[in-house]
Enquirer: 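Below is the structure I would like to discuss, written out as structure tokens.
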Amino acid sequence: MTYHPKSDFMRVMMERGFLADCTDYQGLDEALSKGVVPGYIGFDATAKSLHVGSLIQIMMLRWLQKTGHKPITLMGGGTTKVGDPSFRADERPLLTPAQIDDNIDGIKQVFAKYVSYGDGPTDALMLNNAEWLDGLNYLDFLRDIGRHFSVNRMLSFESVKSRLDREQSLSFLEFNYMILQAYDFLELNRRYGCLLQMGGSDQWGNIVNGIDLTRRVLDAEIFGLTSPLLTTSDGKKMGKSADGAVWLNAEMRSPYEFWQFWRNTTDADVGRFLKLYTEMPLDECDRLGALAGSEINEAKIVLANAVTTLCHGVEAATAAEATAREVFEKGGVGDDLPTLELTAAELAEGMSIVQVIVRSGLAKSGKEAKRLIAENGARIDDAPLTDAGMMLDAAALASPIKLSAGKKRHALVKLAE
């Protein structure tokens, strides 16, 4: 597509690789050129933090604000009670209202790092769709909103079709989700003048539904824009690592481990990730992404520092790089490594090294820890750890020890004071 945008926001989306599809390129570009466009992305509160898989959407909201528009972060306090069936093989577990509120509090902390909230024309808004969904009268909703939806059309959407084709159950509860998401867009337009919904390309059907509904009920012209569903060059889903989700909240994933995730980016992904996850100039992203050999490792450090600075602050990024250099280059023990503190009481009768490896987070189970040792993947103070029966006592921790799983994952174990 050779469309040349007038607005800064559309130009950034296209140049940096954020754009998969748009319901009306020209119409949205015109609206963005004329004045402040409020745009939203919805996030369901299924955990206390968002993970790296959501970071592309968060960056889109950040760029929306940086180019003079108004981001709306919509928390799904209402829709989380239902669960989005999009491209899932099974139904989401249902959460209590208290769990949902708790999760929303955790997620709010992430957004505040990327967009600034307030009452000004381009200040971000934090909203919760429970505001309009919780008080809905079912019969009124069916009559006023439900009549605009064709079941034949809903069944044709890929997210629903894929479940039915695999003969996996799709509950009526989940089937309602796309109606509720469409209704969110209608209410955001009615209450806050919202003109744009963004999301991953798996949300295309839901976004189009919202645009159709708003046009029919309010006769309003609104727009949808999707980002590509991101996988790494080796085909893995973005946001997951060998040891689970890469969370954006520091208490769920330490800044050092977060930094390390980006430092371990595959060579082929460096240039693309610099464009999506940092605000560095495009020519610099291209230059760094084209480096080869050992030089690409320095580009990965630039990437890790820039992404960690946005999420956790410049001090956390600097500390993570210093720790990494100390651990990798000098074989030292970094102060910023994930740390397990054991009390003298816990060590009174000794603790097996297998148990310590599990407690430190380097393995998920005793079986995994034993396999790590058997396959020569475990090290203690940079020396091979071969004895799975080894016991640690308080004397062994007179000074901290460093445990390693493979070359890239490390933890400190020390005696609690």
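All values below come from the heavy atoms of this structure, side chains included, with hydrogens, waters and symmetry mates left out. Please read all numbers here as calculations on a predicted model, not as lab measurements.
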Enquirer: Can you tell if the side chain of Y114 reaches within under 4.5 Å of the side chain of C311, non-hydrogen atoms only?
Expert: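 Side-chain contact under 4.5 Å: yes.
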
Enquirer: Supply the atom-to-atom distance S360 OG to L412 CG, rounded to the nearest 0.5 angstrom.
Expert: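 The CG atom of L412 is 10.0 Å from OG of S360, to the nearest 0.5 Å.
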
Enquirer: Are L310 and M59 close enough that some pair of their side-chain heavy atoms sits under 4.5 Å apart?
Expert: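 In contact.
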
Enquirer: Under a 3.5 Å distance rule, please check whether Q65 uses its side chain to pair with a backbone N or O of S116 as donor and acceptor.
Expert: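 Such a contact is found between Q65 side chain and S116 backbone.
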
Enquirer: Kindly give the heavy-atom pair with the smallest separation between L291 and A299, and that separation in Å.
Expert: CD1-CB, 4.1 Å

Enquirer: Let me have the donor-acceptor pairs involving side chains of residues 33-43, under 3.5 Å, with sequence neighbours excluded, atom names and distances please.
Expert:
from : atom 1 : to   : atom 2 : distance (Å)
S33  : OG     : D29  : O      : 2.8
Y40  : OH     : Q197 : OE1    : 3.3
Y40  : OH     : Q197 : NE2    : 3.1

Enquirer: With sequence neighbours excluded, tell me which residues meet side chain to side chain donor-acceptor pair (under 3.5 Å) with R16.
Expert: none

Enquirer: Within the side chain of R147, is there an N or O that forms a donor-acceptor pair under 3.5 Å with the backbone of R143?
Expert: yes

Enquirer: If you apply the rule side chain to side chain contact (heavy atoms under 4.5 Å, CB included), what do you find for R153 with V208, and how did you get there?
Expert: CA-CA 12 Å; R153 185 150 179 265; V208 169; 3.5 Å; yes

Enquirer: With the side chain counted from C-beta on, respond yes when I56 and Y277 share a heavy-atom pair under 4.5 Å apart, and no when they do not.
Expert: yes

Enquirer: Do the charged groups of D286 and K275 touch, with an N to O distance under 4.0 Å?
Expert: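 A salt bridge is present here (some side-chain N lies under 4.0 Å from a carboxylate O).
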
Enquirer: Is the closest side-chain heavy-atom distance between I107 and M75 below 4.5 Å?
Expert: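 The answer is yes; the side chains approach within 4.5 Å.
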
Enquirer: Of all heavy-atom pairs between M252 and S49, which one has the smallest distance, and what is that distance?
Expert: SD-CB, 3.5 Å

Enquirer: Look up atom CE in M280 and atom CG in L303, then write down how far apart they are to the nearest 0.5 Å.
Expert: 9.0 Å

Enquirer: Rounded at 0.5 Å granularity, tell me how far CD1 in I296 sits from CD in E298.
Expert: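 Here the rounded value is 10.5 Å.
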
Enquirer: Write down the atom of C194, the atom of N189, and the distance for their closest heavy-atom approach.
Expert: O-ND2, 2.9 Å

Enquirer: Would you call the rings of W259 and Y256 parallel, tilted or perpendicular, taking 30° and 60° as the class edges?
Expert: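 Taking Y256 first and then W259, their aromatic rings lie parallel (interplane angle under 30°).
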
Enquirer: Short question: side chain of K70, backbone of G120 - any donor-acceptor pair under 3.5 Å?
Expert: yes

Enquirer: May I have the step-by-step check of side chain to side chain donor-acceptor pair (under 3.5 Å) for W132 and D184, ending in yes or no?
Expert: CA-CA 8 Å; W132 49 84; D184 279 347; 2.8 Å; yes

Enquirer: Is the shortest side-chain heavy-atom distance between E346 and R359 below 4.5 Å?
Expert: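 Yes, close enough: below the 4.5 Å cut-off.
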
Enquirer: Is atom CD of E315 surrounded by more than 12 heavy atoms (other residues, nucleotides or ligands) closer than 6.0 Å?
Expert: no

Enquirer: Calculate, to the nearest 0.5 Å, the distance between atoms CG and CD belonging to L133 and Q181 respectively.
Expert: 11.0 Å

Enquirer: Mind running side chain to side chain contact (heavy atoms under 4.5 Å, CB included) on E251 and Q109 for me, showing each step along the way?
Expert: CA-CA 11 Å; E251 62 274 14; Q109 295 164 27; 3.9 Å; yes

Enquirer: Enumerate the ring pair (Phe, Tyr, Trp, His ring centres under 6.0 Å) contacts for residues 290-324, please, sequence neighbours excluded, ordered by first and then second residue.
Expert: F258-H312

Enquirer: Step by step, work out the salt bridge (charged side-chain N to carboxylate O under 4.0 Å, His left out) result for K300 and D267.
Expert: CA-CA 8 Å; K300 291 177 188 180; D267 293 5; 2.6 Å; yes

Enquirer: Any side-chain to backbone donor/acceptor pair from R379 onto G406? Under 3.5 Å, distance only.
Expert: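 Checked: no pair found.
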
Enquirer: Under the salt bridge (Lys or Arg N to Asp or Glu O under 4.0 Å) test, which residues partner E321, sequence neighbours left out?
Expert: R325

Enquirer: Please round to the nearest 0.5 Å and tell me the distance separating atom CG of D212 and atom CD1 of I207.
Expert: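 Between D212 CG and I207 CD1, I get 12.5 Å after rounding to 0.5 Å.
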
Enquirer: Quick one: do L213 and F185 satisfy side chain to side chain contact (heavy atoms under 4.5 Å, CB included)? Show the steps, please.
Expert: CA-CA 9 Å; L213 178 66; F185 204 174; over 6 Å; no

Enquirer: Which pair of non-hydrogen atoms, one from A182 and one from F149, has the smallest distance, and what is that distance?
Expert: CB-CZ, 3.6 Å

Enquirer: From R263 CZ over to N297 CG, what is the distance, rounded to the nearest 0.5 angstrom?
Expert: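 Answer rounded to 0.5 Å: 4.5 Å.
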
Enquirer: Which of these, D102, N249, N103, sits in a side chain to side chain donor-acceptor pair (under 3.5 Å) with K48?
Expert: D102

Enquirer: Identify the two heavy atoms, one from W204 and one from C22, that lie closest to each other, and give their separation to 0.1 Å.
Expert: CH2-C, 3.8 Å

Enquirer: Say whether, by atom type as modelled, one donor and one acceptor occur between the side chain of T323 and the main chain of A319 under 3.5 angstrom.
Expert: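 Here the side-chain-to-backbone pair exists.
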
Enquirer: Using distance only, find each side-chain donor-acceptor pair of residues 215-231 under 3.5 Å and give its atom names and separation, not counting sequence neighbours.
Expert:
from : atom 1 : to   : atom 2 : distance (Å)
R216 : NH1    : H148 : O      : 2.8
T226 : OG1    : D21  : N      : 3.3
S227 : OG     : Q57  : NE2    : 2.8

Enquirer: Output yes when E368 and K364 qualify as a salt bridge under the 4.0 Å nitrogen-oxygen rule, no when they do not.
Expert: no

Enquirer: Under the criterion side chain to side chain contact (heavy atoms under 4.5 Å, CB included), which of T122, L32, D8 is the partner of H69?
Expert: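 Single side chain to side chain contact (heavy atoms under 4.5 Å, CB included) partner of H69 among T122, L32, D8: L32.
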
Enquirer: Would you say that W63 contacts E279 through its side chain, given a criterion of any heavy-atom pair below 4.5 Å between the two side chains?
Expert: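 Side chain of W63 against side chain of E279, heavy atoms only: contact under 4.5 Å found.
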
Enquirer: What I want to find out is whether R191 reaches E131 closely enough, with some N-O distance under 4.0 Å, to be called a salt bridge.
Expert: yes

Enquirer: Does some side-chain heavy atom of I373 sit less than 4.5 Å from a side-chain heavy atom of I353?
Expert: yes

Enquirer: Would the distance check show the side chain of T67 and the main-chain N or O of L64 forming a donor-acceptor pair, the cut-off being under 3.5 Å?
Expert: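 Indeed, once roles are kept as given, a pair shorter than 3.5 Å links the two residues.
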
Enquirer: So which atom in V358 and which in A369 form the shortest heavy-atom distance, rounded to 0.1 Å?
Expert: CG2-CB, 4.2 Å

Enquirer: A side-chain contact here means heavy atoms from C-beta on lying under 4.5 Å apart; do N128 and L74 qualify?
Expert: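 No, their side chains stay 4.5 Å or more apart.
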
Enquirer: Any chance you could lay out the side chain to side chain contact (heavy atoms under 4.5 Å, CB included) test for W262 and V52, step after step, and finish with the verdict?
Expert: CA-CA 10 Å; W262 295 98; V52 161; 3.7 Å; yes

Enquirer: Who are the side chain to side chain donor-acceptor pair (under 3.5 Å) partners of D123, not counting sequence neighbours?
Expert: none

